[in-house]
2 protein chains.
Amino acid sequence: MIRTKVKLTYITNDSSRKATYKKRKKGLMEKVSELSTYCGIDTCAIMRSPYDSQPEVWPSLLRFEQVLSKFKMILKMEQRKNMVNQERFLSQRIVKVVEQIKKH
Amino acid sequence: MIRTKVKLTYITNDSSRKATYKKRKKGLMEKVSELSTYCGIDTCAIMRSPYDSQPEVWPSLLRFEQVLSKFKMILKMEQRKNMVNQERFLSQRIVKVVEQIKKH
DNA sequence: TCCTCTATTTTTAGGTA
DNA sequence: CTACCTAAAAATAGAGG
């Protein structure tokens, strides 16, 4: 009856693994939903498994696609901004080096 | 000193919200990683926030892209299979109806 | 198989350094 | 701001129907 602390390894027993998957899927989806509420942010999640006939999606397949594509867009924008910043940094360095050279 | 049960609403206090975000981000990433180990499945997660300079990715940006594109491919395949199944179902229905008609 | 129960572990909100 | 602490809440492994 005593519940032992489980080791973090693959669950070989089929039914245990399925039970754990179902419980943790529920838990994970709840966490995703809570984070959205607590922090006022867009979140989405999608999971499929041999144990479910349909993929589990939060909050909806449409929102999933929307959140993900917005996310990708922002990542690209940020990368571009980073590159611009690096370019600016580099050109400032060049200006400084050129000034150094002129002094001598 | 008594900790009250928190309501599931947006956290208006900036520093509390940030603290909660950071803690829950860590928790969420751990859950995603655990699910992968326990159930032997591909998982991935990505999060960005005004509180982090870089997006948090699990297990890596490359794996994130790979897992997601594989996921999308599987979803498409399943949709196609469903359509084929529906077509087969419909054509079987038609065969039956035609047989019914022939009998009369 | 699927649900429910519950002891135990795990997470975490709020406090302090 | 960050890091640690801890009581309390929440998640969940395993058992039982």
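Reminder, nothing fancy here: chain letters follow the sequence lines and each chain counts from 1. These numbers come from the heavy atoms of this one structure, side chains and all, not from hydrogens, waters or symmetry mates. Not measured: the values here are computed from a predicted model.
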Write down the distance between [atom1] ([X]) and [atom2] ([N]), rounded to a whole number of angstrom.
{"X": "B:L28", "N": "C:dT10", "atom1": "CG", "atom2": "P", "value": "18 Å"}
{"X": "A:K7", "N": "C:dT10", "atom1": "NZ", "atom2": "P", "value": "14 Å"}
{"X": "A:E30", "N": "D:dA9", "atom1": "CD", "atom2": "P", "value": "17 Å"}
{"X": "A:L35", "N": "C:dA13", "atom1": "CG", "atom2": "P", "value": "10 Å"}
{"X": "A:L8", "N": "C:dT9", "atom1": "CG", "atom2": "C1'", "value": "14 Å"}
{"X": "A:M29", "N": "D:dA10", "atom1": "CE", "atom2": "P", "value": "21 Å"}

Name the closest nucleotide to the A:R24 side chain, picking from D:dA13, D:dT2, C:dT12. D:dA13
Selection residues 80-95 of chain A - residue pairs positive for salt bridge (Lys or Arg N to Asp or Glu O under 4.0 Å), sequence neighbours left out: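 Listed once each, the pairs would be none.
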Side-chain (B:T37) to main-chain (A:T9) donor-acceptor, under 3.5 angstrom: no
Could you check whether any side-chain N or O of A:R17 sits under 3.5 Å from a backbone N or O of A:I11, counting only pairs where one atom can act as donor and the other as acceptor? yes
With side chains defined as the heavy atoms from C-beta onward, is the minimum distance between [X] and [Y] less than 4.5 Å?
{"X": "B:P59", "Y": "B:S33", "answer": "no"}
{"X": "A:P55", "Y": "B:L75", "answer": "yes"}
{"X": "B:D52", "Y": "B:M47", "answer": "no"}
{"X": "A:W58", "Y": "A:T43", "answer": "yes"}

Students often get this wrong, so: under 4.0 angstrom with heavy atoms, is B:K31 touching a base, only sugar-phosphate, or nothing?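 Result for B:K31 = sugar-phosphate.
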At 10 degrees resolution, what angle do the end axes of the helix from C:dC2-D:dG17 to C:dA17-D:dT2 form when each is taken over five base pairs? 30°
Nearest heavy atom decides the nucleotide; on that basis, is A:K23 or B:K26 closer to the 5' end of DNA chain C? A:K23
Output the residues of residues 11-21 of chain B in contact with DNA chain D, where contact means a heavy atom of the residue under 4.0 Å from an atom of the strand; sort by number or write none. B:S15, B:K18
Does a side-chain N or O from A:K22 land closer than 4.0 Å to OP1 or OP2 of D:dT12, or not?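 It does not, given that no N or O in the side chain of A:K22 lies less than 4.0 Å from OP1 or OP2 of D:dT12.
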Is the closest side-chain donor-acceptor distance between A:S16 and A:D14 under 3.5 Å? no
For B:R48 and B:Y21, work out which heavy atoms get closest and say how close.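 Minimum heavy-atom contact is O-OH, 3.5 Å.
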